[in-house]
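To start, the structure under review is shown below, and the notes come after it.
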2 protein chains.
Amino acid sequence: MSNQGQGCCGPLSEEPLAKEQAEEMALVFKALGDPVRLRLFSMIASGPSGEVCVCDLTPAFDLSQPTISHHLKLLRQAGLVDSERRGTWVYYRARPETADRMAALLASVSADRASA
Amino acid sequence: MSNQGQGCCGPLSEEPLAKEQAEEMALVFKALGDPVRLRLFSMIASGPSGEVCVCDLTPAFDLSQPTISHHLKLLRQAGLVDSERRGTWVYYRARPETADRMAALLASVSADRASA
DNA sequence: ACAGAAAATAGATAAACGTCTATACAACCT
DNA sequence: AGGTTGTATAGACGTTTATCTATTTTCTGT
């Protein structure tokens, strides 16, 4: 159910994204395309211990607990974060492979223009 | 009307995104969060001459001309592409600064975990 | 075993979005 | 000037999405 693709596509200099690649990666961008989710992701990624408790995320927004939970689920399904329950609390951590894949795609835009 | 912000935010290692930064950058991710738009952007970015004619983009999809035009408008408003009319045709080119900004943000996730 | 707290799920609803058709605008060519 | 083609805008419509309240699940302590 979650997005686990790792190897994907060459730089945009070589060729545009194929339909399936675009659909897959668009899911990740869409997950980051909501202000609340992007902030959640940034909070998770910047957690000093590498992980953040949901109990610290939820009160940081003027939104209901289920809404935050829903956003976290979408980030998980996009492959951007992982969650682990330890006792009462659930901890979220970033999945750098996914962020790296997207970063590489975006960075390859400049690579194009440099080689042109 | 279009998104022109350039300097924005430090790596996610330092601190999470502020509300306004998140809202601004989420707009760009949202623009990339649609399969058609992502593919359009990839086609524009990979144009060998650095630009692509709308007349080449439109027939590449099973969608109406106004729909493609609408998607291109959103990419423009997000600051991801620029357009220029030359005679009858309109040409689109990527704006690497914007892609670079987003790439830097995503790449800073790994930087975090490396320094941890 | 039971009371309580943290997180997820279910279901409802209003707003946003992607798409279409129809129309307008802009530039070319006789 | 008028017809033709390329692109953008306007308006309509069905679907998706973000949010809420209510409930369920999972764990902890006593």
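- The nucleotide whose nearest atom lies closest to any side-chain atom of B:C55 is, among C:dT19, D:dT28, D:dG6, D:dG6.
- The side chain of B:T88 places no N or O atom within less than 4.0 Å of a non-bridging phosphate oxygen (OP1 or OP2) of C:dA27.
- Ranked by how close their nearest DNA chain D nucleotide is to the 5' end, B:T58 and A:D62 are led by B:T58.
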Next item on the list: Check the pair A:L105, A:M25 against side chain to side chain contact (heavy atoms under 4.5 Å, CB included), reporting the backbone distance first and the verdict last.
Entry: CA-CA 10 Å; A:L105 182 77; A:M25 304 189 83; 3.9 Å; yes

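- Side chain of B:L63, nearest nucleotide from D:dA8, C:dC20, D:dA18: C:dC20.
- One interatomic measurement links the two molecules: CH2 of B:W89 to P of C:dA27, which rounds to 13 Å at whole-angstrom precision.
- When distances are taken from the side chain of A:S69 to each of C:dA8, C:dA7, C:dA26, the shortest belongs to C:dA8.
- If you measure from atom CG of B:L40 to atom P of D:dT7, you get 13 Å, rounded to the nearest angstrom.
- Between the NE2 atom of A:H70 and the C1' atom of D:dC20 there is a distance of 12 Å, given to the nearest Å.
- Nearest heavy atoms, B:V109 versus A:A45: CG2-CB, 4.1 Å.
- Considering all non-hydrogen atoms of both residues, B:A78 and B:T98 come closest at O-CG2, 4.0 Å.
- On a pure distance criterion of 3.5 Å, no polar donor-acceptor pair joins the side chain of A:Q65 and the base of C:dA6.
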Check: Can you check side chain to side chain contact (heavy atoms under 4.5 Å, CB included) on A:L32 and A:R37, steps first, answer last?
Finding: CA-CA 6 Å; A:L32 295 172; A:R37 283 196 295 271; over 6 Å; no

